[in-house]
**Student:** 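Let me begin by handing over the structure; questions about it come next.
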Amino acid sequence: MAAFRVSTVLLCVGFAVTADRLDCNAVFLTVSSLWRPSPHGRGLADRDLELNWEASCDPTMLPDWIGLFDANPSTTEVPIPLVKINPADHTDGFFRTNVSLGRPALPGGWELGHNATPTEGDHCLPFWAASFRDEQLLHMDCLKIRPTWMWDHRLQLGSLALGGLLIPGTHNSACYKGSLTRRDTFSRYLLTQDTSVWGQLVHGIRYLDLRVGYYPPSNKTRTREHGTRFWVNHDLIRVGPLLPVLREVKEFLLKTKGEVLILDLHRFPVGFHGRPARHRRLVALLTRELGALALPVSAASAITLLRDIWDRGDNRRLIVAYGDKTVAAESTWLWGPLTQTWGNQQTPSGLRSFLQRSMDSAKQRAPALWAAMAELTPTPLDVMFNPTGSLRAMADAVNRNLTSWFRNQWWPHANIIATDFFLGNNLVDVAVAANLRKINMVES
């Protein structure tokens, strides 16, 4: 296939929304939460790339074609596309390719444990989506990491309050496993993310939701190190140790200048009931690992501006919300339980109705830190009797809808949005764009 030549280019990077209409030429990439048998007959393939565009556009307004590329398509000679489609043939506004993102190294020096100082700003992973009419490039966007988006836009975002920000987050953030195996497919309702906590933060996530369990050591593993007894849970099932998660949060804060994070230790489902000493041990661990970076309760609230946090000069940019209000009240830097609105919905339409009510309620109340838990929830019957169901399938059913709902409708009123398999939506980009739009609302 011959390479395509770029004629006069009117190029826009990122999904564009004007005051009165959507940009029907705009495209972006997401990553599917689903898996499929490997084409080589061994193992599984996951993290397939998805092309996305605005589904509500009149088909006559759409580009002639959309392509997936592994090189920047804005060069003089456009590289041959890996995938080429006509968007008018796909009325849902997306196309799942069979090209896997894989596990590429994080660009800009943002690999965990990288010794050199990483580079600020957005960085493209090696995949681009682009739209064309005839041979003219209309719009392109790369799949990217946004490790410093708050600080990058500090001149604009400094005048926004914490409760007025749109903050992208994840649900059950540390329920993650790196390489997917066939054994993991049987744990259909356990894993909620396919990216580590470090990777989530580097991609732009700024709210982490954790459930913590306490497990006394057995006689064979008895140790004086209390940090090894705390685990991240999905309800009653432990998934991984808590300590590495805390250290990834710490390293990220130390390598950035202005990113404000919210760490929500929301529930304690195993080992804590009636055991206040175990809460004290957990607080001691949090103090040791994160206390020097935690924002005191007296220093901020939902109406505190970002610039007021930055101007403190002490690098304290972490809000730690603790799900036990009695324990939190004994600390100067543990915030009390953070409100999560939970719909307990099993269908996209049910979730949309619930979230609409949540947004309507947010319009009527004073600014506050609160999280819209924007994921579907299986019922016990789903877990027991639906062999084809999974959290991955539920995330796939709703994630692209979330992008549209918050981008086109709810961005002025939402605060924190927590999702499963967050790379399946575009809410990091939506949040950055929405926060920049909010500046005009504040200044007008």
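This is a predicted model, so every value here is computed, not measured.
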**Student:** For Trp151, is there any backbone N or O sitting under 3.5 Å from a side-chain donor or acceptor partner on Glu259?
**Tutor:**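 Indeed, once roles are kept as given, a pair shorter than 3.5 Å links the two residues.
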**Student:** When you compare the side chains of Thr379 and Asp382, does any donor N or O come within less than 3.5 Å of an acceptor on the partner?
**Tutor:**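 The answer is yes; a qualifying pair exists.
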**Student:** Is any side-chain heavy atom of Ile167 less than 4.5 Å from a side-chain heavy atom of Arg206?
**Tutor:**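 Ile167 vs Arg206: side chains touch.
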**Student:** Quick one: does Trp198's side chain get under 4.5 Å of Leu106's, heavy atoms only?
**Tutor:**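 Result yes, sub-4.5 Å side-chain heavy-atom pair found.
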**Student:** Near Leu436 CG, under 6.0 Å, is it more than 12 heavy atoms from other residues, nucleotides or ligands?
**Tutor:**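 Correct, the count exceeds 12.
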**Student:** Do the ring planes of His279 and Phe272 sit parallel (below 30°), tilted (30 to 60°) or perpendicular (above 60°)?
**Tutor:**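 Plane angle between 30° and 60°, so tilted.
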**Student:** Are His171 and Phe422 close enough, and set up right, to give a ring-ring contact (aromatic ring centres under 6.0 Å, His included), and what steps lead you there?
**Tutor:** CA-CA 9 Å; His171 161 241; Phe422 78 100; over 10 Å; no
**Student:** Is there a side-chain contact between Asp58 and Cys24 in this structure, where contact means two heavy atoms from C-beta onward sitting under 4.5 Å apart?
**Tutor:**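 No. Closest side-chain heavy atoms not under 4.5 Å.
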**Student:** How far apart are the C-alpha atoms of Glu330 and Arg280, what are their side-chain angles, what is the distance that settles it, and do they pass the salt bridge (Lys or Arg N to Asp or Glu O under 4.0 Å) test?
**Tutor:** CA-CA 10 Å; Glu330 297 172 355; Arg280 290 195 292 271; over 6 Å; no
**Student:** Report the C-alpha distance between Trp65 and Phe132 in whole Å, list the side-chain angles of each, state the deciding distance to 0.1 Å, and finish with yes or no for ring-ring contact (aromatic ring centres under 6.0 Å, His included).
**Tutor:** CA-CA 6 Å; Trp65 63 278; Phe132 292 80; 4.2 Å; yes
**Student:** Using the side-chain hydrogen bond (donor to acceptor under 3.5 Å, both in side chains) rule, collect all pairs that involve residues 101-111, keeping only residues at least two apart or in two chains.
**Tutor:**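 Not a single pair qualifies under side-chain hydrogen bond (donor to acceptor under 3.5 Å, both in side chains).
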**Student:** Gln193 and Thr195: side-chain donor and acceptor closer than 3.5 Å?
**Tutor:**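 No donor-acceptor contact under 3.5 Å links the two side chains.
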**Student:** Where is the tightest heavy-atom contact between Thr256 and Pro147, given as atom of each residue plus distance?
**Tutor:**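 Heavy atoms of Thr256 and Pro147 come nearest at CG2-O, 4.1 Å.
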**Student:** Can Glu251 and Lys255 be counted as an ion pair, charged N to O under 4.0 angstrom?
**Tutor:**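 Salt bridge: yes.
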**Student:** Only one of Asp396, Asp46, Asp48 passes salt bridge (Lys or Arg N to Asp or Glu O under 4.0 Å) with Arg96; say which it is.
**Tutor:**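 The option that passes is Asp396.
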**Student:** Mind checking whether Leu143 and Leu101 have side chains closer than 4.5 Å, heavy atoms only?
**Tutor:**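 Leu143 reaches Leu101 side chain to side chain.
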**Student:** First locate atom NE2 of His90, then atom CD1 of Ile66, and finally report the distance between them rounded to the nearest 0.5 Å.
**Tutor:**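 One gets 9.0 Å once the value is rounded to the nearest 0.5 Å.
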**Student:** Nearest 0.5 Å please: distance from the CZ atom of Arg146 over to the CD atom of Glu120.
**Tutor:**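 So the CZ of Arg146 and the CD of Glu120 are separated by 14.0 Å.
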**Student:** Measuring from Arg267:CZ to Asp324:CG, what's the distance to the nearest 0.5 Å?
**Tutor:**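 With rounding to 0.5 Å, CZ (Arg267) is 13.0 Å from CG (Asp324).
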**Student:** What is the distance from atom CG of Asn415 to atom CG of Leu338, rounded to the nearest 0.5 Å?
**Tutor:**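 With rounding to 0.5 Å, CG (Asn415) is 8.0 Å from CG (Leu338).
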**Student:** Rounded to the nearest 0.5 Å, what separates atom OH in Tyr215 from atom CZ in Arg238?
**Tutor:**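 Answer for the OH-CZ pair, Tyr215 versus Arg238, is 6.0 Å.
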**Student:** How far apart are the C-alpha atoms of Lys177 and Asp194, what are their side-chain angles, what is the distance that settles it, and do they pass the salt bridge (Lys or Arg N to Asp or Glu O under 4.0 Å) test?
**Tutor:** CA-CA 6 Å; Lys177 187 169 183 276; Asp194 64 359; over 6 Å; no
**Student:** Could you walk me through whether Asn315 and Arg317 satisfy the side chain to side chain donor-acceptor pair (under 3.5 Å) test, starting with their C-alpha distance in whole Å, then the side-chain angles of each, then the deciding distance to 0.1 Å, before giving a yes or no?
**Tutor:** CA-CA 6 Å; Asn315 206 33; Arg317 293 176 277 114; 2.7 Å; yes
**Student:** Who are the ring-ring contact (aromatic ring centres under 6.0 Å, His included) partners of Trp370, not counting sequence neighbours?
**Tutor:**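 For Trp370 there are no ring-ring contact (aromatic ring centres under 6.0 Å, His included) partners, ignoring immediate neighbours.
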**Student:** Go through the structure and list residues passing ring-ring contact (aromatic ring centres under 6.0 Å, His included) with His266, not counting sequence neighbours.
**Tutor:**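 Partners of His266 under the ring-ring contact (aromatic ring centres under 6.0 Å, His included) test: none.
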**Student:** Angle class for the Phe268/Tyr322 ring planes (parallel below 30°, perpendicular above 60°, tilted otherwise)?
**Tutor:**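 The rings of Phe268 and Tyr322 sit tilted, inter-plane angle from 30° to 60°.
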**Student:** Looking at side-chain heavy atoms only, is the closest gap between Thr148 and Lys257 below 4.5 Å?
**Tutor:**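 Counting from C-beta outward, Thr148 and Lys257 never come under 4.5 Å.
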**Student:** Walk me through whether Met150 and Val260 qualify under side-chain contact (heavy atoms from CB on, under 4.5 Å).
**Tutor:** CA-CA 8 Å; Met150 286 182 169; Val260 176; 4.0 Å; yes
**Student:** Can you tell if the side chain of Val270 reaches within under 4.5 Å of the side chain of Arg211, non-hydrogen atoms only?
**Tutor:**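 No, their side chains stay 4.5 Å or more apart.
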**Student:** Any chance the side chains of Ser358 and Asp360 put a donor and an acceptor closer than 3.5 Å?
**Tutor:**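 No.
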**Student:** Specify the closest pair of heavy atoms between Tyr189 and Val383, including all atoms of both residues, with the distance to one decimal.
**Tutor:**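 Result for this residue pair: CE1-CA, 3.7 Å.
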**Student:** Checking Thr347 against Val398 for the side-chain contact (heavy atoms from CB on, under 4.5 Å) test, could you report, in this order, the C-alpha distance in whole Å, the side-chain angles of both residues, the deciding distance, and whether it holds?
**Tutor:** CA-CA 8 Å; Thr347 64; Val398 77; over 6 Å; no
**Student:** Quick check with a 6.0 Å cut-off and a 45 degree axis cone: is Arg307 positioned over the face of Trp310's six-membered ring?
**Tutor:**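 No, Arg307 does not lie over the aromatic ring of Trp310.
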**Student:** Checking Asn401 side chain against Ala397 main chain: does a donor-acceptor pair fall under 3.5 Å?
**Tutor:**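 Yes, the answer is positive, given that a donor and an acceptor are paired below the 3.5 Å cut-off.
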**Student:** Please name the pair of heavy atoms, one in Val428 and one in His203, separated by the smallest distance, quoted to 0.1 Å.
**Tutor:**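 It is CG1-O, 3.4 Å.
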**Student:** Might you confirm whether atom CZ of Arg275 has over 12 heavy atoms from other residues, nucleotides or ligands at distances under 6.0 Å?
**Tutor:**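 Open.
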**Student:** Before accepting this row, confirm whether a basic side-chain N of the pair Arg400/Asp92 lies closer than 4.0 Å to the acidic partner's carboxylate O.
**Tutor:**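 No salt bridge links Arg400 with Asp92.
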**Student:** Is any side-chain heavy atom of Trp333 closer than 4.5 Å to one of Leu286?
**Tutor:**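 A side-chain contact under 4.5 Å exists here.
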**Student:** State which residues pass ring-ring contact (aromatic ring centres under 6.0 Å, His included) with Phe406; sequence neighbours excluded, sorted by chain then number.
**Tutor:**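 Once residues adjacent in sequence are excluded, the partners of Phe406 under the ring-ring contact (aromatic ring centres under 6.0 Å, His included) criterion are Trp410.
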**Student:** Please round to the nearest 0.5 Å and tell me the distance separating atom OG of Ser404 and atom CG of Asn425.
**Tutor:**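 Rounded to the nearest 0.5 Å, the OG-CG separation comes out at 12.0 Å.
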**Student:** Compare all side-chain heavy atoms of Asn435 with those of Ile439 and state whether any distance is below 4.5 angstrom.
**Tutor:**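 They are not in contact (no side-chain heavy atoms under 4.5 Å apart), so the answer is no.
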**Student:** Using salt bridge (charged side-chain N to carboxylate O under 4.0 Å, His left out) as the criterion, list what pairs up with Asp264, not counting sequence neighbours.
**Tutor:**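 With neighbours one apart ignored, the set is empty.
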**Student:** Side chains of Glu375 and Gln345: donor-acceptor distance under 3.5 Å anywhere?
**Tutor:**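 There is no such pair between these side chains.
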**Student:** Can a donor-acceptor pair be found between the side chains of Arg352 and Gln409 at a distance below 3.5 Å?
**Tutor:**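 Yes, a side-chain donor-acceptor pair sits under 3.5 Å.
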**Student:** Kindly determine whether Leu51 and Val27 satisfy side-chain contact (heavy atoms from CB on, under 4.5 Å), including the steps that lead there.
**Tutor:** CA-CA 7 Å; Leu51 296 163; Val27 289; over 6 Å; no
**Student:** Output, in order, the C-alpha distance, side-chain angles, deciding distance and verdict of side-chain contact (heavy atoms from CB on, under 4.5 Å) for Tyr207 and Leu261.
**Tutor:** CA-CA 6 Å; Tyr207 168 84; Leu261 307 185; over 6 Å; no
**Student:** Please list, chain by chain and in numerical order, all residues satisfying side chain to side chain donor-acceptor pair (under 3.5 Å) with Thr30, sequence neighbours excluded.
**Tutor:**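 With neighbours one apart ignored, the set is Glu50, Asn52.
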**Student:** Can Ser361 and Arg357 be counted as having a side-chain donor-acceptor contact under 3.5 angstrom?
**Tutor:**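 No, no side-chain donor-acceptor pair sits under 3.5 Å.
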**Student:** Can you tell me if Thr304 and Asp308 form a side-chain donor-acceptor pair at under 3.5 Å?
**Tutor:**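 No donor-acceptor contact under 3.5 Å links the two side chains.
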**Student:** Where is the tightest heavy-atom contact between Ser173 and Thr170, given as atom of each residue plus distance?
**Tutor:**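 Where Ser173 meets Thr170 most closely, the heavy atoms are OG-OG1, 2.6 Å.
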**Student:** A cation-pi test, strictly: NZ or CZ of Arg281 under 6.0 Å from the centre of the six-membered ring of Phe230 and no more than 45 degrees from its axis. Yes or no?
**Tutor:**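 Relative to the ring axis of Phe230, which defines the angle, Arg281 lies outside at least one limit.
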